Each structure stands twice: as C-alpha cells, then as structure tokens.
A.B. asks: 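Before we start, here is the structure in question, set down as structure tokens.
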Amino acid sequence: MGLFTSIALWTAGIGSMVSGITGGIMQYNQDKDNAEAEAKMLEYNSELAKREAADAENEMHEALRRQQAEAARFQGTQRALYGKTGVMMDTGSPLAVLGLTSERLEMDKIDTQRQGRANQQRFLNQSDAYLYQSKIAKRNYSWSSILSGAGTALGGVGMVANGFEAFSDWRGKSSAGAKKSSAQAYGFGTFGSYGR
C-alpha cells in the first residue's frame, strides 16, 4: 500500500470518528427531544385519566343521590298505598314487602357504588400506567444513540490504525528500496550477494 492509501485511510478514519461523534450527539439530542415530548404527552394523558377518575366519582355520587331520591319516593308511594287500604304495616306480609323493597334498593345502591369505584379505579390505574411509561421514556432514550455514535467512532479509529499500518509498510518499503539502490550505485551489491 502506498502513501496515498494511508492518507486516504487516515482521512476516512478521522471523518468517520468525527461523523460518529457528531452523529451520536445529534441522535442523542433528537432522542432526548422525542423522549421528552413523549413523556409530556404521557403525563398529559395521566392528568386526563385523573380527571376522568374524578368525573367517574362525581357521576357515582350523582347516581347514588338520584337513586336514593327515587328509592325514597318509591317507598313513600308503597307506604301510602298500604295506608290507603287500611292494612297494618307493623306485622305480616306488608312489613316483609317493605323489608324486601328496602333490601333490593340497598343492593342497587351497593352495585352503583361498586361500579362507580371500579370505573374510578380503572382511570387511576390508567393514570399510573401513563406516569410509569413517562418515566421509562425519559430514562431509555440515552443509551442507544450514545452506543451507536461510539460504535461509528470506534470504526473510525480502526481506519486510522489501518492508515498508520499502510504508512509504515510504505515507509519501510521505500526506505529499503532507497538503501538498495544506493548500495548498488556504489557497487556493493545486495545483502547476501558477496562472493558470488
């Protein structure tokens, strides 16, 4: 290999190192910006999920209020009908009917609370998941771009090393050739040709 080859390898190697370092930095910055944007979006989604959880709780309380008012109206109507007929409500079937009605209405209230709490918890879990994803997004962006840039830079180091090797080979051959021609010019011959 000649001097031109070694210079070309040095130039390519240095260019590769610079390209790898600057590319790694640029990719790192781009990844960082993308991760921060994604993290902000996930944090916003988390806030929306918290608002939906609060809305679900408010809806549950409103549904319970409506249900309780309706239950009170229904039980009042039921008592009024028994009172109108002159049936005694302190013993027997009418009391059992009122008890079963109260029990059914209370079970409906418990179901409404359970469903409301489940909806609220679903939104809170979703909010927590968004926050966790946000933390992951912020943490994971750096290593891939840094390692990619370092790999390209190390490839450039290899090219520079090959350039030095090519230069050493060229220098060794050119100096050996120069010694050989000067020895021949003075009539000494080449090494090992004495006595022939």
Side-chain angles (χ1 to χ4, degrees), residues 16-155:
S16 179
M17 285 190 306
V18 169
S19 171
I21 291 169
T22 56
I25 290 170
M26 290 172 63
Q27 185 64 42
Y28 173 84
N29 289 335
Q30 183 64 43
D31 288 351
K32 182 179 177 186
D33 292 344
N34 290 345
E36 287 173 356
E38 182 181 0
K40 283 181 184 178
M41 180 192 66
L42 290 166
E43 288 167 1
Y44 177 76
N45 288 346
S46 173
E47 286 301 315
L48 286 179
K50 284 180 185 176
R51 287 182 200 159
E52 289 180 16
D55 289 346
E57 184 178 21
N58 291 337
E59 287 173 13
M60 177 193 67
H61 288 301
E62 182 60 27
L64 286 172
R65 187 193 62 73
R66 282 192 312 266
Q67 197 173 25
Q68 203 166 9
E70 185 181 324
R73 245 189 329 272
F74 181 76
Q75 286 177 324
T77 303
Q78 201 175 34
R79 285 189 192 109
L81 288 173
Y82 281 133
K84 183 178 176 184
T85 61
V87 176
M88 299 294 290
M89 290 187 285
D90 52 350
T91 59
S93 314
L95 187 60
V97 169
L98 290 175
L100 287 173
T101 302
S102 292
E103 181 182 335
R104 184 183 57 83
L105 293 173
E106 190 63 27
M107 292 299 289
D108 289 346
K109 183 176 140 184
I110 289 171
D111 283 344
T112 301
Q113 283 179 327
R114 185 180 47 78
Q115 289 173 354
R117 294 286 180 215
N119 281 340
Q120 180 186 19
Q121 191 60 47
R122 181 174 52 88
F123 288 122
L124 290 174
N125 290 344
Q126 193 175 32
S127 173
D128 290 344
Y130 284 135
L131 285 178
Y132 178 74
Q133 290 171 351
S134 170
K135 289 176 186 175
I136 296 296
K138 288 178 184 177
R139 193 173 47 200
N140 282 345
Y141 69 88
S142 59
W143 288 107
S144 63
S145 57
I146 290 172
L147 291 176
S148 174
T152 305
L154 287 176

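Computed from a predicted structure; not experimentally measured.
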A.B. asks: Using the salt bridge (Lys or Arg N to Asp or Glu O under 4.0 Å) criterion, which residues pair with R65? Sequence neighbours excluded.
C.D. replies: E62
A.B. asks: Which atom names give the shortest non-hydrogen contact between L42 and S134, and what distance separates them?
C.D. replies: CD1-N, 3.6 Å
A.B. asks: Before you tell me yes or no, could you show the steps for E57 and H61 under side-chain contact (heavy atoms from CB on, under 4.5 Å), namely the whole-Å CA-CA distance, both residues' side-chain angles and the distance that decides it to 0.1 Å?
C.D. replies: CA-CA 6 Å; E57 184 178 21; H61 288 301; 3.6 Å; yes
A.B. asks: So, do E38 and N34 sit near enough that their side-chain heavy atoms are less than 4.5 Å apart?
C.D. replies: no
A.B. asks: Using salt bridge (Lys or Arg N to Asp or Glu O under 4.0 Å) as the criterion, list what pairs up with D111, not counting sequence neighbours.
C.D. replies: R114
A.B. asks: With rounding to the nearest 0.5 Å, note down the distance linking CG in L81 to CZ in R79.
C.D. replies: 12.0 Å
A.B. asks: Tell me every residue that passes side-chain contact (heavy atoms from CB on, under 4.5 Å) with S46, counting only those two or more places apart in sequence or in another chain.
C.D. replies: K50, S127, Y130, L131
A.B. asks: With E52, which residues qualify under side chain to side chain donor-acceptor pair (under 3.5 Å), at least two apart?
C.D. replies: none
A.B. asks: Does a donor on one side chain sit under 3.5 Å from an acceptor on the other, for Q121 and N125?
C.D. replies: yes
A.B. asks: To the nearest 0.5 Å, tell me how far N45 CG sits from Q126 CD.
C.D. replies: 8.0 Å
A.B. asks: Quick check for you: to the nearest 0.5 Å, what is the distance between D55 atom CG and L48 atom CG?
C.D. replies: 10.5 Å
A.B. asks: Between side-chain atoms of residues 99-106 and protein atoms elsewhere (two or more places apart, or another chain), which donor-acceptor pairs fall under 3.5 Å?
C.D. replies:
residue: T101; atom: OG1; partner: Q78; partner atom: OE1; Å: 3.3
residue: T101; atom: OG1; partner: Q78; partner atom: NE2; Å: 3.0
residue: T101; atom: OG1; partner: V97; partner atom: O; Å: 2.8
residue: S102; atom: OG; partner: Q75; partner atom: NE2; Å: 2.6
residue: S102; atom: OG; partner: L98; partner atom: O; Å: 3.1

A.B. asks: According to side-chain contact (heavy atoms from CB on, under 4.5 Å), who are the partners of Q67, at least two apart in sequence or on a separate chain?
C.D. replies: L64, D108, K109, T112
